[in-house]
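Have a look at the structure below, then the notes.
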Amino acid sequence: MNIIFFTQEDPCYVKVFFDEFFKKYENLDEIKAFVISRPMGKKSTKKLAKQMYDFYGPVDFVKVGIRYVYKKLMARRPVTQKKNNVIPTYSVKQLAESYGLNVIERSDLNSPDFHQILKQYEPDLFISVASPIIFKEQLINIPKLDTINIHNAPLPKYRGMLPNFWQLYHDEKQAGMTIHRIDTGIDTGDMLMQHFTPIEPDDSLHDLILKTKKEGATQMMKIIDDFRSGNVKYSKIEGEGSYFTFPTREDVVEFKRQGKRLL
């Protein structure tokens, strides 16, 4: 089976998913390309930094910023392919390259020129893991089997941005995740599976994201096995559900007023 992953360069959280996935997945030769897009799509670095400042506030922004800058600097180091030794990596790109994967850095995922490149790999399955780009129909229809996405929420509830934040915000006792087919809507395609992770009383947003990223990698491996064996089963995502945008500063203030923590 020929698989192409689509993701973004997020060394703090998305990398946790792939750390877990690459460590346990036994068929890495199936991954023909690994496409990394700019974080948050078309946002400039300045706009992205302002959004993060408004979200975290000054103290947590500094903590996250120091961690982020350290990882970015360490990610500049050349890394050889992993064999039996564990090699520390600090970015999604560096991690993928350490496993010998074919990394493509592109954000114009819906361009016809890029589609021609993808078709050369004769893909069976496209997998989106936090890709910041909305897939259009021409891209969705390229692979032979399907184009799928993992969303950290129990769809149709908590469609949209940063669902782990909103599940904590609304006092959910467990965090859902859904692996589903990508269609031309937003988190509306037929569902392949749902899984739930308990939310502990002292879980911060940081804690919950780490837990669900690791568990998401495990569930994605199971779905890939289902595609390989031909045992994939779809079900409709039914109900009106809910949709949330990226939290505003006021949302974060209320989140903290409830006694919850980002870090």
Side-chain angles (χ1 to χ4, degrees), residues 6-8 10 12-14 16-17 20 37 39-41 43 48 51-52 54-56 60 64 127-135 140 146-220 222-223 234-263:
F6 297 83
T7 188
Q8 63 174 294
D10 169 15
C12 297
Y13 294 122
V14 174
V16 174
F17 176 99
E20 190 77 3
S37 301
M40 305 299 284
K43 281 186 182 293
L48 180 59
Q51 186 178 50
M52 292 300 101
D54 290 341
F55 178 70
Y56 282 110
D60 284 349
V64 172
I127 302 175
S128 169
V129 179
S131 175
I133 310 299
I134 295 176
F135 287 24
I140 294 169
D146 213 341
T147 297
I148 65 175
N149 176 61
I150 181 167
H151 184 74
N152 286 320
L155 295 174
K157 296 175 64 178
Y158 301 107
R159 289 188 174 109
M161 302 288 288
L162 207 57
N164 278 323
F165 172 90
W166 293 111
Q167 289 176 90
L168 280 173
Y169 184 97
H170 289 102
D171 293 320
E172 300 287 358
K173 303 306 179 187
Q174 51 186 359
M177 70 177 66
T178 307
I179 297 178
H180 64 97
R181 169 181 281 161
I182 294 179
D183 60 14
T184 54
I186 304 296
D187 302 325
T188 56
D190 292 347
M191 179 171 61
L192 290 154
M193 62 77 63
Q194 274 191 347
H195 180 81
F196 291 86
T197 301
I199 298 176
E200 302 301 331
D202 60 344
D203 274 347
S204 67
L205 176 61
H206 173 77
D207 297 329
L208 185 59
I209 293 175
L210 293 183
K211 287 198 300 187
T212 55
K213 290 299 183 188
K214 290 179 181 179
E215 187 58 38
T218 299
Q219 298 304 318
M220 184 61 75
K222 294 178 181 178
I223 292 298
Y234 294 93
S235 59
K236 294 291 184 183
I237 295 178
E238 297 180 336
E240 184 175 346
S242 55
Y243 178 87
F244 293 90
T245 59
F246 194 88
T248 65
R249 186 64 191 147
E250 290 73 22
D251 294 326
V252 176
V253 169
E254 174 60 22
F255 181 86
K256 291 182 176 179
R257 190 195 67 76
Q258 297 174 15
K260 301 181 174 84
R261 297 175 294 118
L262 298 178
L263 301 180

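Fair warning: this is a prediction, and the values are worked out from it, not measured in the lab.
Residues F135 and S128 come closest through the heavy atom pair CZ-CB, 4.2 Å. When all heavy atoms of R159 and H151 are compared, the pair lying nearest together is CA-NE2, 3.9 Å. The two atoms that bring S37 and I133 nearest to each other are OG-CG1, 3.9 Å, heavy atoms only. I140 and D183 get closest at one heavy-atom pair: CD1-O, 3.5 Å. Scanning both residues, L168 and Q258, for their nearest heavy atoms gives O-OE1, 4.5 Å. The two residues G176 and Q167 make their nearest non-hydrogen contact at N-OE1, 2.9 Å.
Between Y158 and H170, the two ring planes are tilted [angle within 30° to 60°].
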Review point. Going through the checks in order, is the side chain to side chain contact (heavy atoms under 4.5 Å, CB included) test met by I237 and T188?
Key: CA-CA 7 Å; I237 295 178; T188 56; over 6 Å; no
Exercise for review: Check step by step if side chain to side chain contact (heavy atoms under 4.5 Å, CB included) holds for I148 and M220.
Suggested key: CA-CA 10 Å; I148 65 175; M220 184 61 75; 3.9 Å; yes
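Side-chain contact between L263 and S204 is absent, with no heavy atoms from C-beta onward closer than 4.5 Å. Contact of the Q174 side chain with the T197 side chain is not registered, since no non-hydrogen atoms from C-beta on lie closer than 4.5 Å. Side chains of I127 and F6 form no contact here, defined as non-hydrogen atoms less than 4.5 Å apart. At a threshold of 4.5 Å between non-hydrogen side-chain atoms, the residues K157 and E172 count as touching. By the 4.5 Å heavy-atom criterion applied to side chains, L48 and P39 are counted as neighbours. Side-chain contact between I179 and M191 is absent, with no heavy-atom pair separated by less than 4.5 Å.
The CG atom of D202 lies 7.0 Å from the CG atom of D207; values are rounded to the nearest 0.5 Å.
D146 and Y234 form a side-chain donor-acceptor contact under 3.5 Å, judged by distance and modelled atom types alone. Under the 3.5 Å distance criterion, with hydrogens and angles disregarded, no donor-acceptor pair is assigned to the side chains of S235 and D190. Side chain to side chain, H180 and N149 meet the donor-acceptor criterion of an N or O pair below 3.5 Å.
The pair D203-K211 meets the salt-bridge criterion, with a side-chain N (NZ, NE, NH1 or NH2) lying under 4.0 Å from an Asp/Glu carboxylate O. With respect to the salt-bridge test (charged N to carboxylate O, under 4.0 angstrom), the residues D171 and K260 qualify. Ion pairing of D54 with R249 is absent here, as no side-chain N (NZ or NE/NH1/NH2) approaches a carboxylate O to less than 4.0 Å.
For F55 and F246, the gap between ring centers is short of 6.0 Å.
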